*Asks:* 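Please find one structure pasted underneath; my questions will follow.
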Amino acid sequence: MQTGEYTANVKNGFKYTFKRNAKKIIQNFKMPEKDIGKKQYYSYLAIPIQKNYVFYEAFSGLGILDNPRAVFLQLLEDNSFENFTHIWSIADMDMAKDNLKEFENLPNVKFVKRESEEYYRYLASSKYLVSNSTFGYFFTKRPEQIYINTWHGVPTKYMGYDHTVERVENARGPARNFLAADYIVSANKFMTEVMYRNSYKLDGLFQGKILETGHPRSDLLINADSEKVYTKLRNVGLKTDKKIILYAPTWKGTLYNQLEYDVTEFKETIKKFSDNIDQTEYRIYLRVHYFLYKILADDPELKEILVPFTIDTNELLSVVDILISDYSSIFFDFLITKRPMIFYVPDLKEYESGRGLYVPTDTLPGLVSCSLDEVASSLDVICKNREEYLEFYEPMWQEMASWCIYNDDGLSTKRLVNIVFKDYSYLSSKTHNIVDGFGNKKKKILICVNSKQKDASFWDSFTAGLERYNYNTTDVTVLVTAFQDEKTKEYFNTLPKNVRVLVWYALPFVAKETKRFYDREAVRALGNATFDEVRVEGDITEYWAAFANNLNRSSKLQPWE
């Protein structure tokens, strides 16, 4: 090649690169910052899988907490995994700093800011993914990845499609994540059947394994070092010179991001409790949801009794003497201690008639009351007559323990690690239930529909069509585009309860629509589910026609190469 030709080629190559990069910069400039990261995530789906990498997320990046924390600690302790790298998703590094400092000097532990470029790269390339909640709508599990969803508690109030308000919205994120998971962790058979099989309608579609081996987080309570927990409390400014009464009310709200609390009323409740205990012997502390914590953390009346979320709940419970709660799953964990519990349920009638409860209040192993005066006055009585109180509720405790905490022996995490990371399923299945999918013999139909239908009469016809199915022999899933207005959302929330509704969200960028693209879209929307028939109803857009045709090529969804 002549020098002139080489120079010309370099110039032409530079021009091409400049134009390509300029176009990319312009596209990214127009795109919201939160969506640029999601686009990066899709580019990272092509990089090699890191076989010894474990990616963890608890409560959308709240900290090193809950079931993922227990799995993380077990892997750190096991010499078989000394070459593993552990990556934690953290939403706010500054707020979580007290939680992170315990592990910040370990060379094989890394913290990445949630929704940063690093976050997307590790989510796309780590072989093992561990979450106690959900990954975002953009998440697409690669075939080589192993996704373990541990969830975060045994349900007491209605979940998923059982939810009486906005049932589809309540179920959409968890249902999609569960369908993508290789393993879902269950505390007991009740949770397996009530929550996973029924309330999230996994029966018939879920292709992975339910590990009914106990919640890993229970090990953090059973095996806790009390002195270390007390030290953590003192390090955040909380006193440990007296016995602890913990008030831990559940999340209040119809949806995850809609908080419902009267702070003034909340303060009055705390004051009433405090006025009715022997303050020379007991001290009341408060544990609330993260969203409410952010509101109360700077309140001069409450900040000195707030236990920060940076201290793991189950480790905290190991030093709690009396628990006051309501419908929170925290009481299932506290059952292990056999210590006194009180259930303050001021909105009991509303819950029973509206939200709905899986566990009848008359079966709870402790005083249940909607009267603040009654609960407050009982505190002093319980403190002074602890053994009599426990003896009175012993039969109810025994009954609940028999179906709820029979797996809680301090070894739940080890069982999970043995099954997932060491493939010891054949040993664990002899003593603990492993549910291999939720298959049934019904015909499985997927109906794709665009929520932007302009013809109002279409929806009446669509409902009538769904009502003609025999649900004893047919399993029906509706995949609908994201709701555009309240009227459409209300419509899908009132469809026949036998219908499983999944919500599809458009990606914030345009990808080349090849077979590979549609394969990825199928995994993103439907996980590993398979269908006998795929149909499109209403306006047949090019996307939905191609999506359905791609699924119909095979009864089993094939992930991309």
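Computed from a prediction, not measured in an experiment: that's the story for all the values here. Hydrogens, waters and symmetry mates are skipped; everything else that's a heavy atom, side chains included, is used.
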*Asks:* Looking only at atom types and distance, does a side-chain atom of R287 sit under 3.5 Å from a main-chain N or O of L246, one as donor and one as acceptor?
*Replies:* no

*Asks:* Carefully, step by step, assess K157 and L357 under the rule side chain to side chain contact (heavy atoms under 4.5 Å, CB included).
*Replies:* CA-CA 4 Å; K157 47 191 180 291; L357 297 172; 4.0 Å; yes

*Asks:* Any sub-3.5 Å donor-acceptor pair from N188's side-chain atoms to C404's backbone N or O?
*Replies:* yes

*Asks:* Test ring-ring contact (aromatic ring centres under 6.0 Å, His included) on F72 and F103; report intermediate values, then the result.
*Replies:* CA-CA 11 Å; F72 167 63; F103 307 100; 5.0 Å; yes

*Asks:* Hey, are the side chains of V154 and Y358 touching, using non-hydrogen atoms and a 4.5 Å cut-off?
*Replies:*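 Answer no - side chains too far apart.
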
*Asks:* Would a 4.5 Å heavy-atom cut-off, applied to side chains only, mark I184 and L202 as touching?
*Replies:*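 Sidechains of L202 and I184: in contact.
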
*Asks:* Checking side chain to side chain donor-acceptor pair (under 3.5 Å) for the pair Y327/D347: CA distance, chi angles, key distance, verdict?
*Replies:* CA-CA 10 Å; Y327 321 103; D347 49 0; 2.9 Å; yes

*Asks:* When you compare the side chain of W151 with that of M195, does any pair of heavy atoms fall below 4.5 Å?
*Replies:*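 Yes, side chains in contact.
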
*Asks:* Under the 3.5 angstrom rule, does the side chain of R217 hit a backbone N or O of N67 as a donor-acceptor pair?
*Replies:* no

*Asks:* Just by modelled atom types, is the T250 backbone N or O under 3.5 Å from a matching donor or acceptor in the D326 side chain?
*Replies:*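 Flag set: sc D326 to bb T250 pair under 3.5 Å.
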
*Asks:* Under the side chain to side chain donor-acceptor pair (under 3.5 Å) criterion, do Y44 and E117 qualify, and how do the steps go?
*Replies:* CA-CA 10 Å; Y44 291 140; E117 183 177 348; 2.6 Å; yes

*Asks:* First locate atom OG1 of T310, then atom CG of L65, and finally report the distance between them rounded to the nearest 0.5 Å.
*Replies:* 8.0 Å

*Asks:* When D182 is tested against each of K209, R142, K141 for salt bridge (Lys or Arg N to Asp or Glu O under 4.0 Å), which residue passes?
*Replies:*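 One option only clears the test, and that one is K141.
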
*Asks:* I would like to know whether S226 and S318 meet side chain to side chain donor-acceptor pair (under 3.5 Å); could you show each step before the answer?
*Replies:* CA-CA 7 Å; S226 297; S318 69; 4.6 Å; no

*Asks:* Taking Y128 as the fixed residue, which of F421, Y56, Y147 is the one that meets the ring pair (Phe, Tyr, Trp, His ring centres under 6.0 Å) rule?
*Replies:*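 Running ring pair (Phe, Tyr, Trp, His ring centres under 6.0 Å) over F421, Y56, Y147 with Y128 returns exactly one hit, F421.
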
*Asks:* Just checking E102: does its CD atom have more than 12 heavy atoms from other residues, nucleotides or ligands closer to it than 6.0 angstrom?
*Replies:* yes

*Asks:* Hey, could you give me the CG/CD1 distance between L317 and I336, rounded to the nearest 0.5 Å?
*Replies:*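 Rounded to the nearest 0.5 Å, the CG-CD1 separation comes out at 8.5 Å.
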
*Asks:* To the nearest 0.5 Å, how far apart are NE2 in H215 and CG in D66?
*Replies:*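 Atom-to-atom, H215:NE2 and D66:CG are 7.5 Å apart.
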
*Asks:* Return the CG to SG distance between L502 and C448, rounded to the nearest 0.5 Å.
*Replies:* 10.0 Å

*Asks:* Within the structure provided, determine whether L507 and R524 are in side-chain contact (heavy-atom separation under 4.5 Å).
*Replies:* yes

*Asks:* Just say parallel, tilted or perpendicular for the rings of F135 and F139, cut-offs at 30° and 60°.
*Replies:* tilted

*Asks:* Count the heavy atoms belonging to other residues, nucleotides or ligands that lie under 6.0 Å from CG of D298, then report whether that count exceeds 12.
*Replies:*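 No, not enclosed.
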
*Asks:* Kindly indicate, with the supporting measurements, whether the criterion side chain to side chain donor-acceptor pair (under 3.5 Å) is fulfilled by T150 and N132.
*Replies:* CA-CA 5 Å; T150 68; N132 77 340; 5.4 Å; no

*Asks:* Would you say K414 has more than 12 foreign heavy atoms packed within less than 6.0 Å of its NZ?
*Replies:*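 Open.
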
*Asks:* Would you say F332 and T156 make side-chain contact, with heavy atoms under 4.5 Å?
*Replies:*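 SC-SC contact between F332 and T156 confirmed.
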
*Asks:* Strictly distance-based, threshold 3.5 Å: is any side-chain N or O of Q145 a donor or acceptor partner for the main-chain N or O of I49?
*Replies:* no

*Asks:* Would S218 and I405 count as a side chain to side chain contact (heavy atoms under 4.5 Å, CB included) if you check the C-alpha gap in whole Å, the side-chain angles of each, and the deciding distance to 0.1 Å?
*Replies:* CA-CA 9 Å; S218 294; I405 60 172; over 6 Å; no

*Asks:* Does K97 NZ have over 12 foreign heavy atoms under 6.0 Å away?
*Replies:*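 No, the 6.0 Å shell around NZ holds no more than 12 heavy atoms from other groups.
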
*Asks:* What closest approach, in Å, do R69 and I64 show between heavy atoms, and which atom pair accounts for it?
*Replies:*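 Nearest pair, atom of R69 first, then I64: NH1-O, 2.9 Å.
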
*Asks:* Can you tell which of Y120, W504, Y505 makes a ring pair (Phe, Tyr, Trp, His ring centres under 6.0 Å) with F138?
*Replies:*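 In the set Y120, W504, Y505, the residue that makes a ring pair (Phe, Tyr, Trp, His ring centres under 6.0 Å) with F138 is Y120.
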
*Asks:* Salt bridge or not between K515 and D519? Use side-chain N to carboxylate O under 4.0 Å.
*Replies:* yes

*Asks:* Do R176 side-chain atoms and G136 backbone N/O form a donor-acceptor pair below 3.5 Å?
*Replies:* yes

*Asks:* Below 4.5 Å, heavy atoms only, C-beta onward: do E301 and I270 meet side chain to side chain?
*Replies:*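 Side chain of E301 against side chain of I270, heavy atoms only: no contact under 4.5 Å found.
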
*Asks:* Can you see which heavy atom on G160 is nearest to which on N170, and at what distance?
*Replies:*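 Closest pair (atom of G160, atom of N170, distance): N-OD1, 3.7 Å.
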
*Asks:* Spell out, as yes or no, whether a donor-acceptor pair under 3.5 Å connects the side chain of T269 to the backbone of E265.
*Replies:*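 Yes: the side chain of T269 pairs with the backbone of E265.
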
*Asks:* Is it true that a side-chain atom of T477 and a backbone atom of R500 form a donor plus acceptor pair closer than 3.5 Å?
*Replies:* no

*Asks:* Can you tell me if T488 uses its side chain to pair, donor with acceptor, with the backbone of F483 under 3.5 Å?
*Replies:* no

*Asks:* So which heavy atom on P68 is nearest to which on A58, and how close?
*Replies:* CG-CB, 4.2 Å

*Asks:* Assess whether a salt bridge exists between E490 and K487, defined as any Lys/Arg side-chain N lying under 4.0 Å from an Asp/Glu carboxylate O.
*Replies:* no

*Asks:* What's the shortest heavy-atom distance between P249 and L286, and which atoms?
*Replies:*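 Closest approach of P249 to L286: CD-CD1, 4.3 Å.
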
*Asks:* Measuring from F55:CZ to L123:CG, what's the distance to the nearest 0.5 Å?
*Replies:* 5.0 Å

*Asks:* How about Y196 and M191: do any of their side-chain heavy atoms sit closer than 4.5 Å?
*Replies:*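 The answer is yes; the side chains approach within 4.5 Å.
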
*Asks:* Can you classify the ring geometry of F547 versus Y543 as parallel (below 30°), tilted (30 to 60°) or perpendicular (above 60°)?
*Replies:*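 The arrangement is parallel - the two ring planes meet at less than 30°.
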
*Asks:* Using the rule given for salt bridge (Lys or Arg N to Asp or Glu O under 4.0 Å), can you reason through E104 versus K101, listing the C-alpha separation, both sets of side-chain angles and the distance that settles it, and then say yes or no?
*Replies:* CA-CA 5 Å; E104 63 185 0; K101 67 173 58 175; over 6 Å; no

*Asks:* Is the shortest heavy-atom distance from the side chain of Y137 to the side chain of P508 under 4.5 Å?
*Replies:* yes

*Asks:* Apply side chain to side chain contact (heavy atoms under 4.5 Å, CB included) to residues T85 and V54 and explain how you reach the verdict.
*Replies:* CA-CA 6 Å; T85 298; V54 188; over 6 Å; no

*Asks:* Main chain of D408, side chain of S412: is a donor-acceptor contact present, judged purely on distance under 3.5 Å?
*Replies:*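 No.
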
*Asks:* Quick one: list whatever passes side-chain hydrogen bond (donor to acceptor under 3.5 Å, both in side chains) with E115, sequence neighbours left out.
*Replies:*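 side-chain hydrogen bond (donor to acceptor under 3.5 Å, both in side chains) check on E115 returns nothing, list empty.
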
*Asks:* Could you give me the CA-CA distance, side-chain angles and deciding distance for I210 and F438, then say whether side chain to side chain contact (heavy atoms under 4.5 Å, CB included) is met?
*Replies:* CA-CA 9 Å; I210 303 285; F438 278 138; 3.9 Å; yes

*Asks:* For residues N407 and E212, report the shortest heavy-atom separation together with the two atoms involved.
*Replies:*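 Shortest heavy-atom separation between N407 and E212 comes out as ND2-O, 3.4 Å.
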
*Asks:* Could you tell me the separation between the CD atom of E304 and the CG atom of L238, rounded to the nearest 0.5 Å?
*Replies:*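 The CG atom of L238 is 9.5 Å from CD of E304, to the nearest 0.5 Å.
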
*Asks:* Do you know which two heavy atoms are closest between L205 and T530, and how far apart they sit?
*Replies:*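 Closest approach of L205 to T530, heavy atoms only: CD2-O, 3.9 Å.
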
